[in-house]
Amino acid sequence: MALRLNPYLVMNGNAQEAVAFYRQALGAEVLHLTTFGEMPPDPAHPIPEALRDRIMHAHLRVGETDLMLSDTFPGQEHQVGNQVTIALHTDDVAAARRIFDALAAGGRVDMPLQETFWSPAYGQVTDRFGVSWQVNTEKKG
């Protein structure tokens with residue numbers, strides 16, 4: 001089972017600006033960038049036109065370190081203090097479930113572990129110490 005951790009920054013509508021800043025200031029390489037407007041459409045949760053250019057997910061490489069960031073999801077409130085999370089990546093759904101459940105014990109599930117268009121098992125949880133985690137299972141093949 002592969003397992004990696006990296007910081008994940010949550011921005012308040014200025015993630016495009018942050019990507020440009022980290023490219024300049026840190027020499028970051030942009031490996032991936034998806035806006036909310038590029039997500040597959042979901043009629044139950046349409047993305048307002050004004051928010052379509054906000055970043056849903058960006059993956060930067062700074063030296064040998066991965067840095068990920070996004071804007072808050074449309075409708076979520078941005079709060080100072082929750083703008084840094086830890087992203088945990090595995091390639092094993094069972095391991096993701098075990099880790100997610102362990103982190104949730106005594107904590108709070110912010111987004112249940114579920115299949116998404118990018119992952120067979122992704123969820124968000126705040127552990128009993130107030131640390132926010134994103135548990136992501138990478139698609140195989």
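Between atom CD of residue Gln134 and atom CZ of residue Phe100 there is a gap of 11.0 Å, rounded to the nearest 0.5 Å. Once rounded to the nearest 0.5 Å, the distance linking CD of Gln83 with OG of Ser132 reads 10.0 Å. Met68 contributes atom CE, which lies 9.0 Å from atom CG of Leu60 (distance to the nearest 0.5 angstrom). With rounding to the nearest 0.5 Å, the separation of CD1 in Ile99 from OG1 in Thr90 is 5.5 Å. Annotation: the span from Asp110 atom CG to Thr126 atom OG1 amounts to 3.5 Å, rounded to 0.5 Å. Atoms CZ and CZ, on Arg108 and Arg128 in that order, are 15.5 Å from each other to the nearest 0.5 Å.
Leu3 and Trp133 fall within the same hydrophobic cluster, defined by Ile, Leu, Val, Met, Phe, Trp and Tyr side-chain heavy atoms under 4.5 Å apart, directly or through other members. Transitive grouping of hydrophobic side chains (ILVMFWY, heavy atoms separated by less than 4.5 Å) brings Met111 and Met56 into a common cluster. Residues Met11 and Val84 fall within the same hydrophobic cluster, defined by Ile, Leu, Val, Met, Phe, Trp and Tyr side chains chained together at heavy-atom separations under 4.5 Å. Hydrophobic clustering (side-chain heavy atoms under 4.5 Å, transitive across Ile, Leu, Val, Met, Phe, Trp, Tyr) groups Leu103 together with Val109. At a threshold of 4.5 Å between side-chain heavy atoms, the hydrophobic network of Ile, Leu, Val, Met, Phe, Trp and Tyr places Leu26 and Ile55 in one connected group.
Between Val62 and Ala28, the closest heavy-atom pair is CG2-CB, 3.8 Å. Taking every heavy atom of both residues into account, Ser70 and Ala15 meet most closely at C-CB, 4.0 Å. Contact detail for Asp71 and Asn12: the closest heavy-atom pair is OD1-C, 4.0 Å. Summarising the geometry of Phe36 relative to Leu51, their closest heavy-atom pair is CB-O, 3.9 Å, with the distance given to 0.1 Å. Between Thr137 and Ser119 the shortest heavy-atom distance is O-OG, 2.7 Å.
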Residues Asp66, Arg61; criterion side-chain contact (heavy atoms from CB on, under 4.5 Å); working and verdict: CA-CA 5 Å; Asp66 290 327; Arg61 173 84 30 87; 2.8 Å; yes
Would you be so kind as to tabulate the donor-acceptor pairs closer than 3.5 Å made by side chains of residues 91-98, with sequence neighbours excluded?
unit_1: Asp91; atom_1: OD1; unit_2: Ala2; atom_2: N; d: 3.2
unit_1: Asp92; atom_1: OD1; unit_2: Ala94; atom_2: N; d: 2.9
unit_1: Asp92; atom_1: OD1; unit_2: Ala95; atom_2: N; d: 2.6
unit_1: Arg97; atom_1: NH1; unit_2: Asp101; atom_2: OD1; d: 3.3

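In summary, of the residues considered (Asn14, Thr72, Thr35, Ile47), a side chain to side chain contact (heavy atoms under 4.5 Å, CB included) with Arg54 occurs for Thr72 alone.
Remark: His57 pairs with Tyr8, His32 by the ring-ring contact (aromatic ring centres under 6.0 Å, His included) rule, at least two apart or across chains.
A donor and an acceptor atom, one from each side chain of Asn6 and His89, are located under 3.5 Å apart.
For CD of Glu38, the number of neighbouring non-hydrogen atoms (other residues, nucleotides, ligands) closer than 6.0 Å is greater than 12.
Counting heavy atoms from C-beta on, the side chains of Met39 and His45 never come closer than 4.5 Å.
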